[in-house]
Amino acid sequence: MTFQPLIPDRATSLPICAPGDFLDEALEILIQGKNSAVLVIENSNEIVGILTDEDIIRAVQSRCEVGDSINREHVFEWMSTNPLTTDIGTNLEQALSLMTRHQIHHLVITKDGKPLSIIGVSDVLTALHAKEERYAQHLRGIIVSSVKDLSVSLSPYKDK
C-alpha cells in the first residue's frame with residue numbers, strides 16, 4: 001500500500017508558510033487546516049523546512065519561561081530544515097521505517113518532485129492498521145467458509 005489512498009483525505013491545499021512569517025501566523029494556518037505541520041517554502045516552491053505542532057509547543061514553552069509570547073518569533077527560528085521527502089508511490093511500511101530511523105513524525109509527500117502533502121506517523125499507522133484489519137477479516141471469511149464446507153461434507157457421516 002502506498003500514500004496514494006491517503007492523499008484524497010488530506011486538505012485540498014498544502015499548508016505552507018515562508019521562513020520569515022511569524023509563528024502565530026503559521027499556527028493559524030495549522031489550526032484552520034486542522035494540520036499538525038506546515039511546509040516552509042521559499043523562492044517558488046523550494047522546500048526549506050517544516051514546522052510542526054511540536055516545534056510551536058517548544059517555542060511557546062521557551063518564550064513562557066522568559067515571560068514573552070511567540071508573536072515576534074519567526075518560523076525560520078523554530079522549523080526543522082531539509083525535511084525528508086518521499087514519492088507518493090512509496091510503500092507505507094518503507095515510509096514508517098524511514099520515519100522511525102530518522103526519528104521524525106512527518107514526511108513530505110511529493111509527486112514528480114513537487115510537494116503534494118504532509119503525512120504524519122499517525123496517518124501511516126492508521127492506514128497500516130486498517131490494511132491489517134481488512135486482511136484479518138478476509139482470513140476470517142476464508143476460515144468460516146472452510147468450516148461450513150467441512151461441516152456440510154461431513155454431515156452424511158454424522159448420523160452413522
Side-chain angles (χ1 to χ4, degrees), residues 1-140:
M1 177 178 208
T2 67
F3 286 109
Q4 187 70 48
L6 299 181
I7 302 301
D9 295 333
R10 309 303 300 168
T12 55
S13 63
L14 183 64
I16 61 170
C17 68
D21 289 350
F22 291 106
L23 281 185
D24 59 331
E25 295 170 320
L27 180 59
E28 186 64 29
I29 293 168
L30 289 177
I31 292 169
Q32 285 179 352
K34 297 181 182 176
N35 297 297
S36 61
V38 60
L39 196 56
V40 185
I41 302 285
E42 192 173 59
N43 303 331
S44 67
N45 279 348
E46 179 188 348
I47 302 169
V48 295
I50 188 169
L51 183 75
T52 69
D53 50 1
E54 292 179 15
D55 297 327
I56 292 175
I57 291 168
R58 281 188 309 105
V60 168
Q61 179 186 15
S62 173
R63 301 317 308 155
C64 284
E65 287 175 356
V66 294
D68 205 354
S69 74
I70 64 169
N71 294 348
R72 293 190 311 268
E73 299 288 313
H74 290 96
V75 168
F76 71 85
E77 298 172 278
W78 296 96
M79 70 182 192
S80 298
T81 57
N82 302 316
L84 287 178
T85 63
T86 190
D87 187 81
I88 192 168
T90 300
N91 178 298
L92 290 180
E93 289 86 354
Q94 293 170 327
L96 185 59
S97 176
L98 183 66
M99 294 169 105
T100 303
R101 186 172 49 250
H102 292 277
Q103 298 179 353
I104 59 171
H105 295 111
H106 298 87
L107 277 175
V108 179
I109 309 306
T110 60
K111 184 174 184 179
D112 301 325
K114 295 181 178 145
L116 184 64
S117 185
I118 301 171
I119 300 291
V121 68
S122 61
D123 299 317
V124 175
L125 291 172
T126 299
L128 288 173
H129 175 73
K131 175 185 168 187
E132 292 300 319
E133 187 59 33
R134 286 190 303 274
Y135 183 66
Q137 289 286 33
H138 176 71
L139 290 177
R140 283 186 202 105

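Computed from a prediction, not measured in an experiment: that's the story for all the values here.
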Would you list the atom pairs, donor with acceptor, under 3.5 Å between side chains in residues 16-27 and any protein atom, with sequence neighbours excluded?
residue: Asp21; atom: OD2; partner: Ala18; partner atom: N; Å: 2.9
residue: Glu25; atom: OE1; partner: Phe22; partner atom: N; Å: 2.7

### Message
For the CG atom of Leu98 and the CD atom of Glu93, what is their distance to the nearest 0.5 Å?
### Response
13.5 Å
#### Entry: side-chain hydrogen bond (donor to acceptor under 3.5 Å, both in side chains) partners of Gln94, counting only residues at least two apart
none
### Task
Mind checking side-chain contact (heavy atoms from CB on, under 4.5 Å) for Leu92 and listing every partner two or more places apart, or none if nothing turns up?
Met1, Phe3, Leu6, Val124, Ala127, Leu128
### Message
Show, in sequence, the C-alpha distance, side-chain angles and deciding distance for Val48 and Ile41, and conclude whether the side chain to side chain contact (heavy atoms under 4.5 Å, CB included) test is met.
### Response
CA-CA 6 Å; Val48 295; Ile41 302 285; over 6 Å; no
### Message
Suppose the criterion is ring-ring contact (aromatic ring centres under 6.0 Å, His included): which pairs have a residue in residues 44-64, not counting sequence neighbours?
### Response
none
### Query
Does Leu14 reach the side chain of Ile118, with side-chain heavy atoms less than 4.5 Å apart?
yes
### Message
Would you compute the distance between atom CD1 of Ile109 and atom CG of Leu84 and round it to the nearest 0.5 angstrom?
### Response
10.5 Å
### Message
I need the full list of salt bridge (charged side-chain N to carboxylate O under 4.0 Å, His left out) pairs touching residues 74-91, with sequence neighbours left out, sorted by first then second residue.
### Response
none
### Query
With sequence neighbours left out, which residue pairs that include part of residues 105-120 fulfil the salt bridge (charged side-chain N to carboxylate O under 4.0 Å, His left out) condition?
none
Identify all side-chain donor-acceptor contacts of residues 100-107 below 3.5 Å with residues at least two apart in sequence or on another chain.
residue: Thr100; atom: OG1; partner: Leu96; partner atom: O; Å: 2.8
residue: His105; atom: ND1; partner: Glu54; partner atom: OE2; Å: 3.4
residue: His106; atom: NE2; partner: Ser36; partner atom: OG; Å: 2.8

### Query
Does a side-chain heavy-atom distance below 4.5 Å link Ile47 with Thr85?
yes
#### Entry: All pairs passing ring-ring contact (aromatic ring centres under 6.0 Å, His included) where residues 35-65 contributes a residue, at least two apart
none
### Query
Mind checking what makes side-chain hydrogen bond (donor to acceptor under 3.5 Å, both in side chains) contact with Thr110, not counting sequence neighbours?
none
### Query
Looking at Leu39, Leu116, Ile119, which hits side chain to side chain contact (heavy atoms under 4.5 Å, CB included) with Val108?
Leu39
### Message
Please enumerate all residues that pass side-chain hydrogen bond (donor to acceptor under 3.5 Å, both in side chains) together with Thr90, with sequence neighbours excluded.
### Response
Thr86
Ignoring hydrogens and angles, write down the donor-acceptor pairs under 3.5 Å from the side chains of residues 55-65, residues two or more places apart or on other chains.
residue: Asp55; atom: OD1; partner: Arg58; partner atom: NH2; Å: 3.1
residue: Asp55; atom: OD2; partner: Thr52; partner atom: N; Å: 2.9
residue: Asp55; atom: OD2; partner: Thr52; partner atom: OG1; Å: 3.2
residue: Arg58; atom: NH2; partner: Trp78; partner atom: O; Å: 3.4
residue: Arg63; atom: NE; partner: Glu73; partner atom: OE2; Å: 3.3
residue: Arg63; atom: NH2; partner: Asp68; partner atom: OD2; Å: 3.1

